[in-house]
There are 2 protein chains.
Amino acid sequence: MSERIPEVVVRRLPIYARALGQLEARGVAVISSLDLGRLLGVTPAQIRKDLSYFGEFGKQGTGYDVAHLKREIRRILGLDREWRMAIVGVGRLGRAIASYPGFASEGFRVVALFDNDPAKIGTTIGDLVVRSMDELAKVAADERIDIGIVAVPADQGQEVVDKLVAVGVTGLLNYAPITISVPPHVRVRDVDPVVALQSMTYYLKHSGPDDPAS
Amino acid sequence: MSERIPEVVVRRLPIYARALGQLEARGVAVISSLDLGRLLGVTPAQIRKDLSYFGEFGKQGTGYDVAHLKREIRRILGLDREWRMAIVGVGRLGRAIASYPGFASEGFRVVALFDNDPAKIGTTIGDLVVRSMDELAKVAADERIDIGIVAVPADQGQEVVDKLVAVGVTGLLNYAPITISVPPHVRVRDVDPVVALQSMTYYLKHSGPDDPAS
DNA sequence: ACGCGATTGTTAATCCTATCACAATCGCAC
DNA sequence: GTGCGATTGTGATAGGATTAACAATCGCGT
Ligand SMILES: NC(=O)c1ccc[n+]([C@@H]2O[C@H](COP(=O)([O-])OP(=O)(O)OC[C@H]3O[C@@H](n4cnc5c(N)ncnc54)[C@H](O)[C@@H]3O)[C@@H](O)[C@H]2O)c1
Ligand SMILES: NC(=O)c1ccc[n+]([C@@H]2O[C@H](COP(=O)([O-])OP(=O)(O)OC[C@H]3O[C@@H](n4cnc5c(N)ncnc54)[C@H](O)[C@@H]3O)[C@@H](O)[C@H]2O)c1
């Protein structure tokens with residue numbers, strides 16, 4: 001342990017944690033890397049190697065304690081605390097996100113909403129008031145904001161990103177269909193179903209309409 | 001060219017195409033791998049190598065014709081035609097997707113909606129009628145369905161996936177927070193903002209509240 | 001208390017991906 | 001028309017990531 005951790009490994013941990021949670025809910029107490037691998041479509045060696053970067057969590061001859069491993073992975077990822085998020089852009093998408101229960105239930109709390117449309121500023125969504133972009137610095141100082149969610153049109157995305165970074169936000173979840181540019185200490189995750197589809201079609205196209213091979 | 005194409009390369013092509021589209025809209029006619037790389041945060045060598053798998057698209061000393069390269073990449077990806085999609089699960093998310101203009105404008109057309117809730121079956125969303133799951137096979141035979149969108153609760157996800165695969169759908173866009181299992185000829189893309197956030201927190205946690213380094 | 005089947009943690013080998021570096025060649029200036 | 005700065009396409013190289021393989025060791029049954 002305590003080497004440098006490859007980013008691919010970190011990206012797989014939430015998948016492991018999620019599967020362990022579902023196993024836990026089904027009453028499974030212990031699981032081997034072989035079975036977990038089958039469930040997730042990865043090799044057991046990969047699971048063991050990934051976990052070995054962080055410590056020893058299993059028992060030889062037995063496997064992993066589901067509840068314990070899940071808790072450990074969540075701790076490693078920093079999911080044993082609350083993360084505070086602000087949404088910028090309260091249009092159709094922004095509003096949907098603001099009231100999506102899937103974030104809060106995983107410890108991601110939306111604590112502020114911003115927009116630059118005077119018609120929207122001052123309105124409430126759930127129990128939050130939509131604020132002006134002018135208030136961004138002030139609100140960021142009062143409420144701690146860990147993560148900014150970008151939900152504005154593409155041509156406004158970079159500008160909004162710059163403003164969020166300027167007030168100290170170091171994590172961004174970007175829904176706009178653009179590649180945003182940030183200083184090296186800021187982390188970005190993109191959510192773009194269209195881009196996902198656009199790489200899938202390459203393979204759909206190359207296996208003909210009725211070609212089960214490959 | 002005509003080697004086996006690494007999947008990572010295919011996944012980058014839509015990003016290139018998207019950036020080229022935005023450059024085109026801004027009136028840029030020609031761009032070098034150096035400048036495109038700067039824009040996207042990748043090395044120019046990577047862009048050139050990626051493209052070299054598919055042919056020669058640039059001019060030495062000059063760079064790439066923006067409009068031409070975009071068209072070529074889109075052709076490679078199979079984006080020079082329409083793709084037909086069916087949404088399964090017309091709840092909050094499914095309804096939002098059904099009326100999201102970002103799919104249609106990129107050639108991804110939603111052609112059918114399915115749900116298993118009698119209260120929803122028969123209602124209309126936009127110009128589509130919500131159909132019963134019993135009609136899935138029939139509709140798939142009539143309308144061609146290239147891609148299935150999974151927008152049902154997690155515990156129903158695998159079941160819905162199996163039904164879609166059974167009627168011949170070979171591409172899936174999965175919004176449910178589960179790892180789905182499919183035969184090898186079926187392609188899957190997951191859209192899960194929570195999983196994205198959960199790997200980001202690892203890095204947010206490890207660079208302290210006021211640590212600009214790394 | 002001992003042996004055995006199971007399964008981990010880890011080292012070594014393989015495979016894959018990204019970068020480097022440069023010959024080939026383009027357009028333009030003069 | 002020649003020379004020069006710019007930029008591509010690619011073979012070689014370095015750097016990562018995945019898989020294979022096995023010694024270490026656990027729990028259980030007797
Ligand atoms: N990734 C996805 O799954 C997904 C899905 C839908 C939409 N989108 C994208 O999300 C973005 C928003 O989509 P939408 O349908 O909600 O659009 P929308 O037009 O309904 O909403 C955009 C909102 O942003 C606000 N806004 C505009 N410029 C702003 C600025 N500079 N500062 C603050 N607020 C600003 C507008 O007032 C508006 O309320 C778009 O980029 C769209 O492409 C992504
Ligand atoms: N990835 C994302 O960005 C994102 C965002 C929001 C929700 N989600 C996920 O999408 C899914 C749907 O979320 P939602 O908020 O729309 O839930 P919802 O309960 O509002 O809608 C689910 C719909 O699926 C239908 N359904 C249930 N079982 C079905 C079955 N077996 N066959 C056909 N239809 C069935 C229900 O009748 C309902 O209409 C959930 O898994 C949720 O976690 C993902």
Side-chain angles (χ1 to χ4, degrees), chain A residues 1-16 19-20 23 28-70 72-73 76 179 184 199 202-203, chain B residues 1-16 19-20 23 28-70 72-73 76 179 184 199 202-203:
Chain A
M1 54 169 135
S2 107
E3 299 171 57
R4 215 196 116 276
I5 315 288
E7 165 141 14
V8 269
V9 172
V10 175
R11 288 203 187 232
R12 278 192 293 265
L13 293 185
I15 306 292
Y16 298 163
L20 291 166
L23 288 167
V28 179
V30 169
I31 193 161
S32 68
S33 60
L34 184 67
D35 288 341
L36 184 58
R38 260 200 285 261
L39 221 54
L40 295 177
V42 303
T43 64
Q46 179 151 88
I47 292 174
R48 296 201 300 274
K49 182 113 236 271
D50 286 354
L51 296 177
S52 78
Y53 283 103
F54 302 97
E56 311 194 353
F57 305 103
K59 271 203 195 120
Q60 281 144 332
T62 308
Y64 301 89
D65 180 284
V66 170
H68 175 247
L69 181 57
K70 181 191 135 197
E72 286 295 305
I73 292 178
I76 291 164
T179 300
S199 66
Y202 174 82
Y203 297 100
Chain B
M1 53 170 136
S2 107
E3 300 169 56
R4 215 196 117 275
I5 315 288
E7 165 142 13
V8 269
V9 172
V10 175
R11 288 203 188 231
R12 278 191 294 265
L13 294 184
I15 306 293
Y16 299 162
L20 290 166
L23 287 166
V28 179
V30 170
I31 194 162
S32 68
S33 59
L34 184 67
D35 289 340
L36 184 58
R38 260 200 286 261
L39 221 55
L40 295 177
V42 303
T43 64
Q46 180 152 89
I47 293 174
R48 295 202 300 275
K49 185 122 244 260
D50 285 355
L51 296 176
S52 78
Y53 284 103
F54 303 97
E56 312 194 351
F57 305 103
K59 271 205 195 114
Q60 280 144 332
T62 306
Y64 300 89
D65 180 284
V66 170
H68 176 248
L69 181 56
K70 181 190 134 198
E72 286 296 304
I73 292 178
I76 292 164
T179 301
S199 67
Y202 174 82
Y203 297 100

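Reminder, nothing fancy here: chain letters follow the sequence lines and each chain counts from 1.
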Colleague: Within the 4.5 Å heavy-atom criterion, are A/I76 and A/Y53 side-chain neighbours or not?
Modeller: no
Colleague: Taking only the side-chain nitrogens and oxygens of B/Y53, find out if one of them lies under 4.0 Å from OP1 or OP2 of C/dT17.
Modeller: no
Colleague: Indicate the atoms forming the closest heavy-atom contact of B/V30 with B/V28, along with that distance.
Modeller: O-CG1, 3.4 Å
Colleague: Between B/D35 and B/D50, who's closer to the 5' end of DNA chain D by nearest nucleotide?
Modeller: B/D35
Colleague: Using the side-chain heavy atoms of B/R12, tell me which of these nucleotides is nearest: C/dA18, D/dG9, D/dA17.
Modeller: C/dA18
Colleague: For A/R48 and C/dT11, give me the distance from atom CZ to atom C1', rounded to whole Å.
Modeller: 13 Å
Colleague: Where do N or O atoms of nucleotides 26-28 of chain C meet protein N or O atoms at under 3.5 Å, pair by pair?
Modeller:
| residue | atom | partner | partner atom | Å |
| --- | --- | --- | --- | --- |
| C/dC26 | O4' | B/Q60 | O | 3.4 |

Colleague: Given atom CD1 of A/I31 and atom C1' of C/dT8, what is their separation to the nearest angstrom?
Modeller: 15 Å
Colleague: In whole Å, I'd like the distance from the CG atom of A/L51 to the C1' atom of D/dT18.
Modeller: 15 Å
Colleague: Tell me the interatomic distance from A/L36, atom CG, to C/dA6, atom P, rounded to whole angstroms.
Modeller: 19 Å
Colleague: If I take atom CD in residue B/Q46 and atom C1' in nucleotide D/dA14, what distance separates them, rounded to the nearest angstrom?
Modeller: 15 Å
Colleague: Taking all atoms of both residues into account, what is the closest heavy-atom pair of A/L39 and B/T179, and its distance?
Modeller: O-CG2, 4.3 Å
Colleague: Parallel, tilted or perpendicular for B/F57 and B/H68, by the 30°/60° rule?
Modeller: tilted
Colleague: Return the value, rounded to whole Å, for the distance between atom OH of B/Y64 and atom P of D/dA6.
Modeller: 17 Å
Colleague: To the nearest angstrom, how far is B/I47 atom CD1 from D/dT10 atom P?
Modeller: 16 Å
Colleague: Taking all non-hydrogen atoms of both residues into account, name the closest pair between B/I47 and B/S33 and its distance.
Modeller: CD1-O, 3.7 Å
Colleague: What verdict does the side chain to side chain contact (heavy atoms under 4.5 Å, CB included) test give for A/Y64 and A/L36, after you've listed the backbone C-alpha separation in whole Å, the side-chain angles of each residue and the deciding distance to 0.1 Å?
Modeller: CA-CA 10 Å; A/Y64 301 89; A/L36 184 58; over 6 Å; no
Colleague: I want to verify a distance call: between D/dT7, D/dT10, D/dT18, whose nearest atom is closest to the B/S32 side chain?
Modeller: D/dT7
Colleague: Expressed as a whole number of angstroms, how long is the span from B/K49:NZ to D/dT13:C1'?
Modeller: 11 Å
Colleague: Of the options B/V10, B/L13, B/V8, B/I15, which is the one that meets A/S199 in a side chain to side chain contact (heavy atoms under 4.5 Å, CB included)?
Modeller: B/V10
